[in-house]
Amino acid sequence: MKALLLIDIQNDFLPGGALAVPEGDKVIPVANQLQSRFEVVVATQDWHPTNHKSFAKNHSGKKPFEKIDLDGLEQVLWPTHCVQGTPGAQLSAAINLNKAEAIFRKGTNPEIDSYSGFYDNGHRKTTALADYLRGKQVSQIYIMGLAGDYCVYYTAKDALELEFETFLIEDGTRAINPDDFEKAKADITNLGGQIIQSNQL
Ligand code: VGL
Ligand code: ZN
């Protein structure tokens, strides 16, 4: 079985949002067109409490995009985004989620960030997404959404480590930093993943 994973297509990552990804809205028509081809569709949702330690405002004297050490992990400090229950945290009203049976939330523990849909950044806790997909006999995972250099990248890396056949849909993805996305794609290819375009599906 094939699953489509729609990563963090949330208002705060779209133009006008708190952590807007350039051209983030371009992924929406791709998400809408592809869903009918998949047996399983799952979305992820970045879902932070207001005291989350990935927010620059929770570290005195720090500014967004500075890096710190957080419990032994490098952490980029972000503008406040995807706060639980706020409009910015909502999945875009423009994506059709009729086929999405489940939404996996992540980043809920204030002490650690969580880019991947599968685990937090320290691989300390799982979201149970892998168990969910295996329970549905999924062996191939197609990943797209926001942002290509963070949550899409780390989700794809974990999918490969978990031994799913992994495809990153490039035209369904936009990045915060295009250079980092180039590195991310090379890394995914080296790890055995495939970079594809939506028209190859
Ligand atoms: C993301 C930075 C912080 C993402 C989430 O969805 O790529 N990036 N939180
Ligand atoms: Zn976040």
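In this chain, numbering begins with 1 at the start of the sequence shown.
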Worksheet entry | Value rounded to 0.5 Å, distance of SG in Cys151 from CG in Asp113 | 7.5 Å

Discussion item. Please check this pair: side chain of Thr173 against backbone of Gly148, looking for a donor-acceptor N/O pair closer than 3.5 Å.
Written reply: no

Worksheet entry | side-chain hydrogen bond (donor to acceptor under 3.5 Å, both in side chains) partners of Glu66, counting only residues at least two apart | none

Fill in: Single hit among Val27, Leu168, Asp8 for side chain to side chain contact (heavy atoms under 4.5 Å, CB included) with Val152
Leu168

Item to complete: Could you tell me whether the side chain of Met144 reaches within less than 4.5 Å of the side chain of Leu6, counting heavy atoms only?
Response: yes

Practice prompt. Could you walk me through whether Leu5 and Thr155 pass side-chain contact (heavy atoms from CB on, under 4.5 Å), step by step?
Written response: CA-CA 9 Å; Leu5 261 56; Thr155 301; 3.8 Å; yes

Practice prompt. Could you list the residues that satisfy side chain to side chain contact (heavy atoms under 4.5 Å, CB included) with Pro87, not counting sequence neighbours?
Written response: none

Worksheet item: Honestly curious: do Phe164 and Leu34 fall in one hydrophobic cluster under the side-chain, below-4.5 Å linking rule?
Response: yes

Practice prompt. Return yes if some donor-acceptor pair links the side-chain N/O of Asn121 with the main-chain N/O of Tyr115 below 3.5 Å, else return no.
Written response: yes

Discussion item. According to a hydrophobic-cluster definition based on side-chain heavy atoms being under 4.5 Å apart (Ile, Leu, Val, Met, Phe, Trp, Tyr only), do Tyr154 and Leu129 belong together?
Written reply: yes

Fill in: Backbone of Asn11 reached by a side-chain donor or acceptor of Gln90 within 3.5 Å
no

Discussion item. Between Glu101 and Val40, does the side-chain contact (heavy atoms from CB on, under 4.5 Å) criterion hold? Intermediate values first, please.
Written reply: CA-CA 8 Å; Glu101 288 178 12; Val40 176; 5.8 Å; no

Discussion item. For the backbone of Phe167 and the side chain of Gln194, can you confirm whether one donor and one acceptor N or O come within less than 3.5 Å of each other?
Written reply: no

Worksheet item: Think Lys185 forms a cation-pi with Phe181, using NZ or CZ under 6.0 Å from the six-ring centre and within 45 degrees of its axis?
Response: yes

Fill in: Minimum heavy-atom distance Ala20-Pro15, with the two atoms named
CB-CA, 4.1 Å

Worksheet item: Minimum heavy-atom separation for Ile141 to Ala159, with atom names?
Response: CD1-CB, 4.2 Å

Worksheet entry | Gln35 side chain to Val41 backbone, donor-acceptor under 3.5 Å | no

Worksheet item: Testing Gln10, Lys106, Gln84 for side-chain hydrogen bond (donor to acceptor under 3.5 Å, both in side chains) with Asp46, which one passes?
Response: Lys106

Worksheet item: Which atoms form the tightest heavy-atom contact between Thr86 and Val83, and what is the distance?
Response: OG1-O, 2.6 Å

Discussion item. With a sphere of 6.0 Å drawn around CD of Glu163, does it hold more than 12 non-hydrogen atoms of other residues, nucleotides or ligands?
Written reply: no

Fill in: CD1 on Ile68 to CG on Leu77, rounded to 0.5 Å
4.5 Å

Practice prompt. Kindly indicate, with the supporting measurements, whether the criterion side-chain contact (heavy atoms from CB on, under 4.5 Å) is fulfilled by Thr44 and Arg105.
Written response: CA-CA 6 Å; Thr44 64; Arg105 288 177 167 163; over 6 Å; no

Practice prompt. Could you list the residues that satisfy salt bridge (Lys or Arg N to Asp or Glu O under 4.0 Å) with Lys125, not counting sequence neighbours?
Written response: none

Worksheet item: Do Leu91 and Leu97 come close enough that some side-chain heavy atom pair is under 4.5 Å?
Response: yes

Worksheet item: Is it true that a side-chain atom of Asn58 and a backbone atom of Thr80 form a donor plus acceptor pair closer than 3.5 Å?
Response: no

Worksheet entry | Straight-line distance of Leu160 CG to Leu191 CG, nearest 0.5 Å | 6.0 Å

Fill in: Cluster overlap Leu73 with Trp78, hydrophobic side-chain contacts below 4.5 Å
no

Worksheet entry | Side-chain touch Asp180/Tyr153, heavy atoms, less than 4.5 angstrom | no

Discussion item. With a 3.5 Å distance limit and no angle check, can you tell me whether Lys57 reaches the backbone of Thr50 through a side-chain donor-acceptor pair?
Written reply: yes

Response to the item:
On a heavy-atom basis, the closest approach of Asp69 and Asp71 is OD1-N, 3.7 Å

Discussion item. Set out, in order, the CA-CA distance, both residues' side-chain angles and the distance that settles side-chain contact (heavy atoms from CB on, under 4.5 Å) for Leu4 and Ile169, then state yes or no.
Written reply: CA-CA 10 Å; Leu4 178 66; Ile169 305 170; 3.9 Å; yes

Discussion item. Rounded to the nearest 0.5 Å, what separates atom CD1 in Ile195 from atom OG1 in Thr166?
Written reply: 10.0 Å

Worksheet item: Can you name the nearest heavy-atom pair linking Trp47 to Gly85, along with the distance?
Response: CH2-N, 3.2 Å

Worksheet item: If you round to the nearest 0.5 Å, how far is NZ of Lys53 from NE2 of His59?
Response: 7.0 Å

Worksheet item: Distance-only, no hydrogens or angles: does the Asp12 side chain make a donor-acceptor pair with backbone N or O of Leu19 under 3.5 Å?
Response: no

Worksheet item: Do the numbers put Lys99 on top of the ring of Phe38, so that NZ or CZ is under 6.0 Å from the six-membered ring centre and no more than 45° off the axis?
Response: no

Practice prompt. Tell me whether Val30 is reachable from Val42 by hopping between hydrophobic residues (I, L, V, M, F, W, Y) whose side-chain heavy atoms are closer than 4.5 Å.
Written response: yes

Fill in: Leu201 reachable from Ile9 in the ILVMFWY side-chain graph, under 4.5 Å edges
yes

Worksheet, complete the sentence: Output for pair (His52 NE2, Glu111 CD), nearest 0.5 Å, gives 8.5 Å

Worksheet item: Do His81 and Phe13 have their ring centres less than 6.0 Å from each other?
Response: yes

Worksheet item: Distance-only, no hydrogens or angles: does the Asp187 side chain make a donor-acceptor pair with backbone N or O of Lys183 under 3.5 Å?
Response: no

Worksheet entry | Contact summary for Leu14 and Ser92, nearest pair of heavy atoms | CD1-CB, 3.5 Å

Worksheet item: Is it true that a side-chain atom of Arg174 and a backbone atom of Lys26 form a donor plus acceptor pair closer than 3.5 Å?
Response: no

